[in-house]
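Whatever order the structure lists them in is the order used to number ligands and atoms, beginning at 1. Throughout, numbering of the chain's residues begins at 1 and tracks the sequence.
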Amino acid sequence: MLSRVAARALAAPSAARFFSASAAHQTKVAVLGAGGGIGQPLSLLLKSDPLVTSLSLYDIRGAPGVAADVSHVDTASEVKGYAADQLDQALEGVKVVVIPAGVPRKPGMTRDDLFNTNASIVRDLAAAVARVSPEAHILVISNPVNSTVPIVASTLEKAGVFNPRRLFGITTLDVVRAARFLAGVTGATPDQTTVTVVGGHSGATIVPLLSQTAYGKGVTGEAYKALVHRIQFGGDEVVKAKDGAGSATLSMAYAGAKFTNSLLRGLNGEKGVVTPTFVKSPLFADQGIDFFSSNVELGLEGVEKIHPIGPLSAEEEELMAACLPELKKNIEKGKAFVAA
Ligand SMILES: NC(=O)C1=CN([C@@H]2O[C@H](COP(=O)(O)OP(=O)(O)OC[C@H]3O[C@@H](n4cnc5c(N)ncnc54)[C@H](O)[C@@H]3O)[C@@H](O)[C@H]2O)C=CC1
Ligand SMILES: O=C([O-])CC(=O)C(=O)O
């Protein structure tokens, strides 16, 4: 005879079974910067993710309000908001910390222009994670990602708790844009036009490997150049259209939630979860570039395997040649900030 619990589980619709299975993993996720343009929709999307069992929302302003609002959504997870002086409480027991805290660009600015403000914000948040939840996986959205990820790494290193398998720069928006824009020029659907995007997350450091995809191979000449430019400068397109009101927030929240879900699936033991992300990487370390985004398999401990970039076309070799020196400078700037 079936126990009452087993009978109820079998009778439940599949989504309900999924919820109860995932609840066993107790995955607490924190968003630092939850009151902002990205933080708010990201918190909503994470509330909708059945792999998130508890959501901890922190900001220097507005997080308790966002938490009260999002907490009414009828999914199983618990939500709690924390005020400016409650960072340590917000980080207690968290498995994953997503960081979209910091200022966004205005027209005419580069991501690097955000360094002076965002470097110290990210460093201080990383120091708190090192102190309160040193085992947590840290997902960095705050720009300039090419520098903020090395800042987090160096801060954790200083505290003696850096584990390179648990630190990720979120470059998913570049992957999302590449699939969407390639679909747009080929008439295919975005699920058919997945593109591996490697390098970093700013202008020339964003390198889409279109030659490795069936649809991308067919885009040549001026259309190829225009497509690459649009993928590399998609962020500027949004900054310009928002005209002083900030940069991408909604598409970034989508990309952030998508990457978080991929990581949680890997942490829960799902095999074959592979996506580009900016991590401590051996791929170009011999050239002094020790962070790089390439396809990464996500597993029980975070980074499971860093994939090589694979064969490049002549145009992609040129893109890589432009990417690497700039990326190196950005990484060194981040490290120097923490060392100073
Ligand atoms: N990785 C990527 O692909 C992308 C990154 N970004 C970056 O994300 C960052 C956030 O962008 P938005 O949400 O549009 O900005 P926003 O200004 O709307 O929100 C930022 C939030 O961070 C909070 N904040 C500031 N200092 C903090 C601290 N010490 N602790 C906790 N919270 C703090 C602010 O109070 C604010 O609520 C920017 O640096 C932006 O450039 C934006 C789009 C894409
Ligand atoms: O462009 C920006 O400043 C925000 C960003 O990183 C993006 O949209 O890719």
Does the ring center of F168 lie less than 6.0 Å from the ring center of F278?
no
Check this for me - ligand 2, D174, N or O atoms closer than 3.5 angstrom, yes or no?
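Min N/O separation from ligand 2 is not below 3.5 Å for D174.
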Could an N or O of ligand 2 be found under 3.5 Å from any N or O of R111, whether backbone or side chain?
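Yes, R111 has an N/O under 3.5 Å of an N/O on ligand 2.
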Contacts of S211 meeting side-chain hydrogen bond (donor to acceptor under 3.5 Å, both in side chains) (sequence neighbours excluded), chain-then-number -> E316
Whether the side chain of [X] engages the backbone of [Y] through a donor-acceptor N/O pair (distance < 3.5 Å, no angle test) should be reported.
X	Y	result
T110	D113	yes
Q232	I206	yes
S202	R111	no
T75	K47	yes
T249	I38	no
Q212	L209	no

Interfacing atoms of ligand 2 (cut-off 4.0 Å, heavy-atom, [X]):
X	answer
A248	8 (O)
L173	7 (C), 8 (O), 9 (O)
G235	1 (O), 7 (C), 8 (O), 9 (O)

Residues around ligand 1, heavy atom under 4.0 Å from any ligand atom, sorted by chain and number. Can you pull those?
G33, G35, G36, G37, I38, Y58, D59, I60, R61, P100, A101, G102, V103, P104, L114, N118, I121, L125, I141, S142, N143, V145, I170, L173, H201, S247, A248, T249, M252
Check [X] against [Y] and note the closest heavy-atom contact, atom names and distance.
X	Y	value
S142	T148	O-OG1, 2.8 Å
K106	G244	NZ-O, 3.6 Å
I306	P282	CD1-CD, 3.7 Å

Within the structure, is a non-hydrogen atom of M109 found at a distance of less than 4.0 Å from ligand 2?
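Under 4.0 Å: no for M109.
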Are N143 and ligand 2 in contact, using a heavy-atom cut-off of under 4.0 Å?
yes
How does [X] reach ligand 2, by side chain, by backbone, by both or by neither, if only non-hydrogen atoms under 4.0 Å count?
X	answer
V145	neither
R177	side chain
M252	neither

Tell me: protein heavy atom nearest atom 6 (O) of ligand 2, and distance?
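Answer for atom 6 (O) of ligand 2: H201 NE2, 2.6 Å.
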How far is atom 1 (O) of ligand 2 from its nearest protein heavy atom, and which residue and atom name does that atom have?
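The closest heavy atom on the protein side is R105 NH2, 2.6 Å.
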Flag the pair R165 and E304 as a salt bridge only when some basic side-chain nitrogen lies within less than 4.0 angstrom of an acidic carboxylate oxygen.
yes
